[in-house]
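Worksheet for the structure shown next.
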Amino acid sequence: MADPNAVTNQAPPLDGVNFFTQDVGLGDALRPYADLQKDPGLVQIGELAGSPEALSQALPANQNPPVLRTHDRYGNRVDEVDFHPAWHWLMEKAVGFGLQAAPWTSSQPSPHLTRAAGFYVWSQVEPGHGCPISMTYAAVPALRADERLAAEWVPQLASTEYDVRRLPAAAKRGVLAGMGMTEKQGGSDVRANQTTATPSGDGYLLNGHKWFCSAPQVDVFLVLAQAPDGLSCFVVPRVLADGNRNTFALQRLKDKLGNRSNASSEVEFHNTIGHRLGDEGAGVRTIIEMVAATRLDCVLGSAALQRRALVEAVWHTKHRAAFGGLLADKPAMQNVLADLAIESEAATALAMRLAAAMDASVAGDERAAAFRRIALPLAKFWVSKRTSFMVAEALECLGGNGFVEESGLPLLFRESPLNSIWEGSGNVNALDVLRALRRPESLEAWLLEVGAAQGADHRLDAAVHDVLQALSDIEGAEAGARRLAAKMALCLQASLLVQHSTPAVADAFVGSRLAGDWGGVFGTLARTTPFQEIVERTIG
Ligand SMILES: Cc1cc2nc3c(=O)[nH]c(=O)nc-3n(C[C@H](O)[C@H](O)[C@H](O)COP(=O)(O)OP(=O)(O)OC[C@H]3O[C@@H](n4cnc5c(N)ncnc54)[C@H](O)[C@@H]3O)c2cc1C
């Protein structure tokens, strides 16, 4: 009789994979911009990310979500959030690796690209804690609108020490940032914000609420509120310089589909002290710098989800047999895996291209700035939109095991729609592409980018031509915004793969995504595709 306790034909735990050095697609995506293949920091992040110690943190951090503590035992408001130790472990590592605001004060070459690669690799361990890390990274370009406020906050935001003490910023070894824009009556349309800001002394008093305010435990927030001259941006510290708490009344924590390790709160302001950042009435223009940087992280975070899901799918199918052979050797499964792999490589390539453009635009390259202006909403729209489909298919590669929490795939799946919602939902980003196109330099930047691959693949050339045709009439084109954004993003991805990936990947991507040789679900690449060659790149 078979022993029911004997375990056979189950994949071993994913172990011993360096998430940086063994990611061949990432190597190809980085190589055109910087020589990072042996970067000691990235190698170290990759090694820890693939270790059992790191991979064991994700489930406890998400299965023990943060708990709101509004009052102390005596009835005083404290507005604190308590986290599982796994959350703090993840945060300490991410901050220690300099994945938050460190690149802004770094003297290393390509600091934003290096940080992007690190963020992408480390996010594969657990996505939720990326939220405060991203917001801290993104707050800096907005803070630079005011020299004094930047001098006060940036060094602390860039510190690689994780310090959770509720102290004035000056007394801390490092601080983290958040943002408050969304209110009950409107998130996309922030002009509808009702929170008021009344001048008082050398600052302002804020009154009102925010309907979504993630990571409310952090030290400082950029908040939008209506000042006498219109919607403005404010720097709101949790603790004031004299040590007293600023009023930051946490009403509830959201009970969310995914992203459960991270706290997302509803907050009320009652004469809360804020310092104006940028001019009165220039709130959107000021905070848009933060939004743009968080959009980059939405692309990186989505690419990371795709990559982790792909690795799990390939790992499982290489160790699991059915019908007399390994699943990874079955032609129908090879088609699925190769299709997932090209999706993931395309996402990674575009994410790293955007990060390289960040370095260039910070250094004053105006063409890179124009490229970011159009490519960020394109990429945010497309890459995050593709992620749910991609992760769902990767999950299915594990069969029933993929539907079970212990596999880690449900966590990735529940997280997968999020990057498409926050920092501008799908339609908002697609419409933002139309807005960018009103500036000739944005279209020029896109054309220059896809033009770098001109002549290499006639199907890509034809797709670019189609986009230009569609652009000849964009007046009243809102209903077609997603279609246009999708096509422009696909051209960008294809052009990057044609230039920098292996011909097998580029050919499969262009043939399926641009030339119509695809069935609309994963696993419908042309039968002539060299599936194995593509899949073997996954864990190099
Ligand atoms: C987990 C989580 C954490 C968050 N954390 C924060 C945070 O820390 N700080 C913060 O400020 N916000 C945060 N948000 C809020 C988030 O940024 C908003 O939910 C998002 O911007 C959309 O706003 P909304 O929810 O008000 O939806 P709405 O603005 O009502 O949009 C609803 C739908 O309508 C679409 N839409 C909007 N305008 C148009 C248009 N003109 N044409 C066509 N379609 C349109 C949108 O794309 C969307 O699909 C968080 C959200 C989530 C889910």
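Model, not experiment: these values are computed from the prediction. Atoms within a ligand are numbered from 1 in the order they appear, just like the ligands themselves. Along the sequence shown, the residues carry numbers beginning at 1.
The side-chain hydrogen bond (donor to acceptor under 3.5 Å, both in side chains) pairs that include a residue from residues 123-134 are Asn62-Glu126, Trp122-His129, Glu126-His129, Glu126-Ser261, Ser134-Asp297, where partners are two or more places apart or lie in different chains. Within the structure, salt bridge (charged side-chain N to carboxylate O under 4.0 Å, His left out) pairs that include any residue of residues 132-160 comprise Arg148-Glu152 (at least two apart or interchain). For residues 405-436, no residue pair satisfies the ring pair (Phe, Tyr, Trp, His ring centres under 6.0 Å) rule, not counting sequence neighbours.
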Checklist entry - Given the rule in the side chain to side chain donor-acceptor pair (under 3.5 Å) test, do Asn207 and Thr196 qualify, once you have shown the distances and angles that lead to the verdict? => result CA-CA 5 Å; Asn207 284 284; Thr196 58; 4.7 Å; no
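Under 4.0 Å from any atom of ligand 1, one finds heavy atoms of residues Met179, Gly180, Met181, Thr182, Gly186, Gly187, Ser188, Phe212, Cys213, Ser214, Lys256, Ser264, Leu418, Ile421, Trp422, Glu423, Ser425, Asn427, Val428, Leu431.
For the pair Lys254 and Phe212, the cation-pi test (distance below 6.0 Å, angle within 45°) is passed. Figure legend: cation-pi geometry between Arg115 and Tyr137, with NZ or CZ positioned under 6.0 Å from the six-membered ring centre and within 45° of its axis.
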